[in-house]
A.B. asks: 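Pasting in a structure now, in structure tokens, and then I'll have a few things to ask.
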Amino acid sequence: MTTELPTVAAARVDELKRQIAVNDHRYYVLDEPGISDSEYDRLMRELRELEAAHPELVTADSPSQRVGGSALRTFSEVVHQLPMLSLGNAFSEQDAADFVRKVQEATGEAEPQFSVEPKLDGLAISLRYEHGLFVRGATRGDGSTGEDVTANLRTLRSIPLRIAGDTPPAVLEVRGEVVMPRRAFEAFNSAARERGERTLANPRNGAAGSLRQLDPAVTAARPLMFYAYALGVVEGWPLPARHSELLQNLRALGFSVHPEARSARGLTGLLEYFAAIGARRSTLDVDIDGVVYKVDRLDQQAELGFVSRAPRWAIAHKFPAQEEQTVVEAIEVQVGRTGALTPVARLRPVHVAGVVVTNATLHNENEVRRKDVRAGDTVIVRRAGDVIPEVVSVVLDARPDGSSEWQLPPLCPECGSHVVREADQAVARCSGGLICPAQRKEAIRHFCSRRAMDIEGLGSETIDDMVSLAFLRGGAQPRQLGTVAELYTLGLDDLLELKRLQDERAGITPDPKKKTPTKWAENLLASIAGSKTPSLQRLLFALGILQTGEGTAKELALAFGSLDEIAAADVVVLMMVPNIGLTVAESIAAFFAEPHNCEVIAALTAAGVQPQRAAPAADFVARLEFSAQLESLKTSISARGSVGFPSVASTVFQATAAHVASFAALAALDLAELRALGWNETAAAQLRVLFEDASWQARLAGIDAQIGRLRRDAPQVVSKGPLSGQTVVLTGSLSGMTRDQAGARLEALGAKLSGSVSKKTSFVVAGAEAGSKLDKARELGVQVLDEAALLALLGSHEA
DNA sequence: TGGCCTCGAGTTCA
DNA sequence: CTCGAGGCCA
């Protein structure tokens, strides 16, 4: 090829440039590829070879120059000859109506025509063409001065390096938005993830970050797209009469204009477009944050003119934002009821989907690491499920210098105790227990909460003060509230003293004319007094035993019937309760083994708190067979015990249980008898060792004793409700009663309630507006009852 | 042992 | 609503 004559080479170079430009336009603007990728590559390679042989033929508009030159050190400034405008915003239909009214007044037209288009969420830029050649591209910047990003823009195939047409204008500035299409964004991110590289936070940041790369090669690798929507300086190019025609003309020059651009008439037309685009927002390939309305006729635009920097002839009608950027002012650590430390991002207040968000949980240490959130970072915030604020990701490009990874504090921020994090556990905990004021406070709050003891009139701040202000004057020294039991010893004078201390701290001198807050105090005391006869389930939940929430509390209450029996229960017995395994059982046993907790319970009892008692559940007691006790003992010992426990098959346990029914009886068996029951030499020997240990003897005797008590106290006749064994799911809203009420009546008949539909569900009660659970029931062929059928069922059994 | 499923615990804001 | 982890069944 190097042997070709320069003129022949020049002609070939021109032809190659033309073909590549045509294909770029087809592929990137029209989205209809004309030739295969390999064919395209072949053209490009040939062009590069020719240019290498004839350097004098290399021109600025050559596609080989899209990625050219070396990395820049900084961007130079570009002053926009014609400033790049910002648009006024409309956030409501009223704002849009006001805009239309002003246009009507200024133009005298009843139904002015508008050009409407999606407001792309990207980066506004201006492209300058001189005599048809792309010479410079700049960001919007502050509108009057931007940054020169020509080298990066050259790498965008949707930006023509030379505009089509035989008589190019002397000067043409085309303005528009650089965006990263959502599909390309996702593809880029999954590829980056596979390579273990940083992912982009969102398409908008992807576009902005990509254009601000100093090395154009990086930009070239990013899937960016340019959409034109306006002009800047124009010389030697006739302007059409309408904006909509202008968009057509830009298309003809080789630019892409967003395909959703339309014309609309009057306010109704605008709002219809707004609604239509809003409905299809998630299916568009580009993120948008609203739509733009422009007066279509350019002469009317000129008539309307500008207010400061925004045109009066155009407005952006914004969708309510669902994701916003803000700054993490600090990462603080909260201490929960169980001592769990939770990092929380304190955010610069920002509107997200209609509310001001200032906090967002970061869950735990791992989560902070994974997202690498740091104080001072700019982050993207979203409302998960449109409710709970959540930090989506960090905008790395905006990270201030000198920031460092967030560290979990080694000491509890509330009490200074050591922070411990167990191996392979995600949560870190304050080891201070009830020494920690935060834990004390949260424990009291939990105790009073609606689903626990349901004590009204105790807000978070009041509890805070009860724990920190010395307002109890019973003893020699004024004291703070220490335990939940002390709530029941509060008197009117204590509460008034608390209020006085609060006022004193706030610097308020009590106004003698004003009534003392007796009403509040009386109501609170009444509420406390009214909580003295909780269900056992509520009291258990209120105590705040680790791992014991509402569900577990209910199982425990149901199985044992009284607090004493639960407190006395060995891990082995606890594990036989449904849904209680080793971990939860140990947690419960540890709670009742702690003297401090027993004191609190004793104090509660002394104060008159008396949970309702019931007999042990017959079906639970029925499950306490000796073979099951042996299984349970084996599980607990082999997982944690210092003693070894023989690996014994279930069949051996069953054979053993057929002969003996207690640990005492088992201990009385000699080796030969054990062998006869299927225990092998080592297993039997290990069992003997265990039974000879004094503390084990005591423990096993305790289990025997409790099981004896439970058997004696359990109702002899198993009261089987007519619906026992049935699992019921309630969904939708009932008209005559609440779901809770319906649930209670069903449970009274022996039914078991569940939250989710599975093939084990006996039937589903579906009220009005039942959702996915009803669908699931239909899918699984589970019987569905409506409210009338439910009432009939209840009626037939309750009599 | 792995994969459900459910539960526990913590959290936001009007 | 989320994540994490415990329990249980295959």
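Every chain is numbered from 1, with letters handed out A, B, ... down the list of sequences. Small disclaimer: the values here were computed from a predicted structure and weren't measured. The figures here come from the full heavy-atom set of this structure, side chains too, leaving out hydrogens, waters and symmetry mates.
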A.B. asks: Starting from the C-alpha separation in whole Å, work towards a yes-or-no answer on salt bridge (Lys or Arg N to Asp or Glu O under 4.0 Å) for A:K554 and A:E550.
C.D. replies: CA-CA 6 Å; A:K554 186 175 181 177; A:E550 270 188 293; over 6 Å; no
A.B. asks: Considering all heavy atoms of both residues, which atom of A:A485 and which atom of A:L604 are nearest to each other, and what is their separation?
C.D. replies: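 So the minimum-distance heavy-atom pair works out to CA-CD2, 3.6 Å.
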A.B. asks: Under the side chain to side chain donor-acceptor pair (under 3.5 Å) criterion, do A:D564 and A:S562 qualify, and how do the steps go?
C.D. replies: CA-CA 5 Å; A:D564 303 333; A:S562 75; 4.8 Å; no
A.B. asks: Could you tell me the separation between the CD atom of A:E367 and the P atom of C:dG4, rounded to a whole number of Å?
C.D. replies: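 The distance from CD of A:E367 to P of C:dG4 comes to 6 Å, rounded to the nearest Å.
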A.B. asks: Which of these nucleotides, B:dC13, C:dG4, B:dT11, is closest to any side-chain atom of A:T358?
C.D. replies: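 The nucleotide sitting nearest to the side chain is B:dC13.
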A.B. asks: If you check the A:N579 side chain, which of C:dC8, B:dC13, C:dT2 turns out closest?
C.D. replies: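 Out of C:dC8, B:dC13, C:dT2, the nucleotide with an atom closest to A:N579's side chain is C:dC8.
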A.B. asks: Could you give the CZ-to-P distance, from A:R451 to B:dG10, as a whole number of Å?
C.D. replies: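 The distance from CZ of A:R451 to P of B:dG10 comes to 17 Å, rounded to the nearest Å.
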A.B. asks: Is there a salt bridge (Lys or Arg N to Asp or Glu O under 4.0 Å) between A:D372 and A:R399 once you walk through the steps?
C.D. replies: CA-CA 11 Å; A:D372 191 16; A:R399 171 167 286 171; 3.3 Å; yes
A.B. asks: Output the rounded distance in Å from CG (A:L362) to C1' (C:dC3).
C.D. replies: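 The answer, rounded to whole Å, is 13 Å.
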A.B. asks: Counting just side-chain N and O atoms, does A:Q334 come under 4.0 Å of either OP1 or OP2 of B:dG10?
C.D. replies: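 False: A:Q334 side-chain N/O out of range (4.0 Å or more) of B:dG10 OP1/OP2.
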A.B. asks: From B:dT11, B:dC7, B:dC13, pick the nucleotide closest to the side chain of A:T552?
C.D. replies: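 Between B:dT11, B:dC7, B:dC13, the one nearest the side chain of A:T552 would be B:dC7.
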A.B. asks: Among B:dT11, C:dC8, C:dG6, which nucleotide has an atom closest to any side-chain atom of A:V584?
C.D. replies: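 Looking only at side-chain atoms, A:V584 lies closest to C:dG6.
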A.B. asks: Identify which nucleotide among B:dC7, B:dG10, C:dG7 has an atom closest to any side-chain atom of A:T338, counting heavy atoms from C-beta outward.
C.D. replies: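 In terms of side-chain proximity for A:T338, the closest of B:dC7, B:dG10, C:dG7 is B:dG10.
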A.B. asks: CD1 of A:I588 versus P of B:dC7: gap in Å, rounded?
C.D. replies: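 A:I588 atom CD1 is separated from B:dC7 atom P by 15 Å.
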A.B. asks: Expressed in angstrom and rounded to an integer, what is the separation of A:R429 atom CZ from B:dG10 atom C1'?
C.D. replies: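 Distance, rounded to whole Å: 11 Å.
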A.B. asks: If you find the nucleotide of DNA chain B closest to A:R445 and the one closest to A:G551, which residue's nucleotide is nearer the 5' end?
C.D. replies: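 Checking each residue's closest nucleotide, the 5'-ward one belongs to A:G551.
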A.B. asks: Between A:N359 and B:dC13, does any side-chain N or O lie under 4.0 Å from OP1 or OP2?
C.D. replies: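 Affirmative; the distance criterion is met.
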A.B. asks: Do the side-chain N or O atoms of A:T583 get closer than 4.0 angstrom to the phosphate oxygens (OP1, OP2) of C:dA5?
C.D. replies: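 Negative; the distance criterion is not met.
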A.B. asks: How long is the line joining CD of A:Q537 and P of B:dC7, in whole Å?
C.D. replies: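 Between P of B:dC7 and CD of A:Q537: 12 Å.
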A.B. asks: Between atom NE2 in A:H446 and atom P in B:dA9, what is the gap in whole Å?
C.D. replies: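 Atom-to-atom, A:H446 to B:dA9, this comes out as 7 Å.
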A.B. asks: Taking 4.0 Å as the cut-off, does a side-chain nitrogen or oxygen of A:N364 come that near to OP1 or OP2 on C:dC3?
C.D. replies: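 No.
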A.B. asks: Report the distance from atom CD of A:E365 to atom C1' of C:dC3, rounded to the nearest whole Å.
C.D. replies: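 Roughly 15 Å, once rounded to whole Å.
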A.B. asks: Looking at every strand, decide which applies to A:V344 at a 4.0 Å heavy-atom threshold: base, sugar-phosphate, or nothing.
C.D. replies: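 Sugar-phosphate, no base atom in range.
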A.B. asks: Where do A:F626 and A:F663 land on the ring pair (Phe, Tyr, Trp, His ring centres under 6.0 Å) test, with the steps shown first?
C.D. replies: CA-CA 8 Å; A:F626 191 55; A:F663 287 109; 5.1 Å; yes
